[in-house]
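So the structure is just underneath, and the comments pick up after that.
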Amino acid sequence: MDTAPVSDNPQFIRLSLDIVLEVTDEGALRAAALEAVKGDDDLTAEERADAVAAIDADLAESVSYLIDPFSLVADVPGTELSEAGWQSEGAEYAPDDEEELDEDDA
């Protein structure tokens, strides 16, 4: 028995995430991104060449080819992904409070 309210008007929810990744092995990251691009059958030869050049030029591009926002919400019941966009870029980062991070890790 489904007790969820039914609406004639769709509701949309914008989900915003801010994630900071620390790169601990540039070579492994680039290699994984290049492998992902190589295995992407949806890319044309020109798109693949552009992707490889982007990965070689900018480490953050590697992350863009490895992160799949669709998979983050694929298993959320009662939803359908309407739109997704993402980008990655290098960032300056310093934790606000090192002690707070240490406490969270414990």
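Numbers here simply count residues along the sequence, with the first being 1.
Between the side chain of Glu47 and the main chain of Thr44, a donor-acceptor pair closer than 3.5 Å is present.
Linking Ile, Leu, Val, Met, Phe, Trp and Tyr whenever their side-chain heavy atoms come within less than 4.5 Å leaves Leu66 and Val52 in two separate clusters. Note on Trp86: it clusters hydrophobically with Val73, by side-chain heavy-atom contacts below 4.5 Å among ILVMFWY residues.
Atom CG in Leu81 sits 10.5 Å away from atom OG in Ser71 (nearest 0.5 Å).
Across all their heavy atoms, Arg48 and Lys38 have their closest contact at NH1-O, 3.5 Å.
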Could you list the donor-acceptor pairs under 3.5 angstrom formed by side chains in residues 15-36, with sequence neighbours left out?
from, atom 1, to, atom 2, distance (Å)
Asp25, OD1, Gly27, N, 3.2
Asp25, OD1, Ala28, N, 3.0
Arg30, NE, Ile55, O, 2.9

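Looking at residues two or more places apart in sequence or on another chain, you find a side chain to side chain donor-acceptor pair (under 3.5 Å) between Ser64 and Ser88.
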